[in-house]
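Have a look at the structure below before the remarks.
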Amino acid sequence: MTEGTTSVAAEGGDTLSRLEQEGEIAADYLEGLLDIADLDGDIDMDVEADRAAVSIISDSSGRDLQKLVGRDGEVLEALQELTRLAVHRETGDRSRLMLDIAGFRAKKRSELAELGAKAAADVKSSGRPVKLDPMTPFERKVVHDAIAAAGLRSESEGEEPQRFVVVLPA
C-alpha cells in the first residue's frame with residue numbers, strides 16, 4: 001500500500017469510528033428519553049450514506065412509539081434535532097444523524113421514492129416541469145435522489161416551510 005492509500009483508508013476508518021461514536025451518544029440520549037417517558041423500545045444503530053442512523057423499534061405493536069412520531073413526523077423531526085444537539089454537546093461537531101422511530105422514515109422513504117419516480121415519468125412523457133407539494137428537507141432529499149436515479153434533474157424552490165421540488169425535463 002502506498003502512503004496516499006494508507007491515509008485515505010485511515011480517514012475512512014476515522015469517519016466510521018466518528019459516526020459510530022455519534023450513534024452511541026445518540027442511543028444513550030434516546031434511552032434516557034425512553035426511560036423518562038416510560039416507553040418501551042429497542043435502539044438500533046447503523047451507518048448509512050456517511051451519516052449515523054439510529055432507530056427506535058418496538059417488539060409490541062409500536063403504538064406507544066407513535067407518540068414519538070407525532071402527526072406527519074413532527075415530533076420525530078424535533079427529537080432528531082434534540083438528539084443532534086446532544087451529540088454536538090458531547091463531540092463539539094455538527095451531526096447529520098438520522099433518527100427513525102417505529103419505521104416511520106423507512107416507510108416514508110419508500111413512498112417518496114415512488115412519488116419521485118412517478119413525477120419523473122410524468123415529466124418524461126409530457127416534457128414539462130412538474131412542481132410537487134412542499135416537503136421537509138428529508139423528504140426533498142429522497143425525491144431528488146429518485147429523480148436523479150430516473151435520469152432527470154430537479155431543484156428545490158421556495159422558502160421553508162413551503163419549500164418544494166420542481167422536476168425538470170432532460
Side-chain angles (χ1 to χ4, degrees), residues 11-117 119 132-149 154-167:
E11 285 176 20
D14 289 347
T15 299
L16 180 62
S17 64
R18 181 181 53 78
L19 293 174
E20 287 172 344
Q21 178 190 19
E22 280 186 22
E24 289 176 19
I25 293 166
D28 290 345
Y29 176 78
L30 292 166
E31 283 176 5
L33 178 83
L34 289 173
D35 286 345
I36 291 168
D38 196 28
L39 297 172
D40 290 326
D42 294 322
I43 310 284
D44 183 35
M45 296 178 293
D46 200 1
V47 174
E48 298 172 359
D50 293 333
R51 59 171 64 186
V54 179
S55 300
I56 301 175
I57 53 178
S58 176
D59 293 336
S60 61
S61 69
R63 258 189 167 2
D64 284 347
L65 291 182
Q66 290 304 315
K67 296 173 188 173
L68 297 179
V69 173
R71 192 182 84 225
D72 295 328
E74 290 173 339
V75 176
L76 170 59
E77 289 288 334
L79 287 174
Q80 176 175 277
E81 286 307 310
L82 289 171
T83 305
R84 286 176 174 177
L85 286 171
V87 170
H88 176 71
R89 185 185 65 220
E90 291 291 321
T91 65
D93 295 326
R94 183 178 174 273
S95 174
R96 295 176 53 233
L97 175 132
M98 288 297 293
L99 175 62
D100 190 7
I101 299 174
F104 177 83
R105 277 203 203 272
K107 181 181 176 204
K108 190 77 168 173
R109 182 177 282 125
S110 175
E111 292 169 357
L112 290 165
E114 192 175 307
L115 173 70
L132 302 175
D133 291 335
M135 299 177 191
T136 67
F138 161 76
E139 293 169 337
R140 289 193 310 271
K141 169 82 169 92
V142 173
V143 172
H144 284 304
D145 290 347
I147 291 164
S154 59
E155 297 175 352
S156 291
E157 293 183 4
E159 298 293 322
E160 294 293 352
Q162 297 300 313
R163 200 152 165 81
F164 58 93
V165 173
V166 178
V167 184

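If you read the sequence from its start, that first residue is 1, and numbering goes on from there.
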Show the nearest heavy-atom pair for residues [X] and [Y], with the distance to one decimal.
{"X": "Gly23", "Y": "Ala52", "value": "N-CB, 4.1 Å"}
{"X": "Phe104", "Y": "Asp72", "value": "CZ-C, 3.8 Å"}
{"X": "Val75", "Y": "Leu68", "value": "CG1-O, 3.3 Å"}
{"X": "Ala146", "Y": "Gly116", "value": "CB-CA, 4.1 Å"}
{"X": "Ile25", "Y": "Ala86", "value": "CG2-O, 4.1 Å"}

Item to check | Residue pairs passing the side chain to side chain donor-acceptor pair (under 3.5 Å) test where at least one lies in residues 77-87, sequence neighbours excluded | outcome: Glu77-Arg105, Gln80-Arg105, Glu81-Arg84
Next on the checklist: For Asp14, is there an ion pair with Arg18 - N to carboxylate O distance below 4.0 angstrom?
Outcome noted: no
Roughly how far, to the nearest 0.5 Å, is the [atom2] atom of [Y] from the [atom1] atom of [X]?
{"X": "Leu132", "Y": "Glu139", "atom1": "CG", "atom2": "CD", "value": "11.0 Å"}
{"X": "Thr15", "Y": "Glu20", "atom1": "OG1", "atom2": "CD", "value": "11.0 Å"}
{"X": "Thr91", "Y": "Arg89", "atom1": "OG1", "atom2": "CZ", "value": "10.5 Å"}

Report yes if the side chains of [X] and [Y] come closer than 4.5 Å at any heavy-atom pair, otherwise no.
{"X": "Val142", "Y": "Asp145", "value": "no"}
{"X": "Leu19", "Y": "Arg96", "value": "no"}
{"X": "Leu82", "Y": "Tyr29", "value": "yes"}

Next on the checklist: Using only atom types and a distance under 3.5 Å, with no angle test, would you say the side chain of Ser95 pairs donor to acceptor with the backbone of Leu97?
Outcome noted: yes
Without placing hydrogens or testing angles, list every side-chain donor-acceptor pair under 3.5 Å for residues 159-167, not counting sequence neighbours.
residue	atom	partner	partner atom	Å
Glu160	OE2	Arg140	NH1	3.1
Glu160	OE2	Arg140	NH2	2.8
Arg163	NH1	Gly158	O	2.7

Next on the checklist: For a side chain to side chain contact (heavy atoms under 4.5 Å, CB included) check, start with the C-alpha distance between Met98 and Ser55, then their side-chain angles and the critical distance, and finish with the verdict.
Outcome noted: CA-CA 8 Å; Met98 288 297 293; Ser55 300; over 6 Å; no
Checklist entry - What residues, two or more places apart in sequence or in another chain, satisfy side chain to side chain contact (heavy atoms under 4.5 Å, CB included) together with Glu111? => result Lys107, Lys108
Can you give me every donor-acceptor pair (side chain of residues 30-47, partner residue at least two apart or in another chain, under 3.5 Å) with its distance?
none

Next on the checklist: Once side-chain hydrogen bond (donor to acceptor under 3.5 Å, both in side chains) is applied, do any residues pair with Glu74, and if so which ones, sequence neighbours excluded?
Outcome noted: Arg71
Item to check | Contacts of Arg109 that satisfy salt bridge (Lys or Arg N to Asp or Glu O under 4.0 Å) - sequence neighbours left out | outcome: none
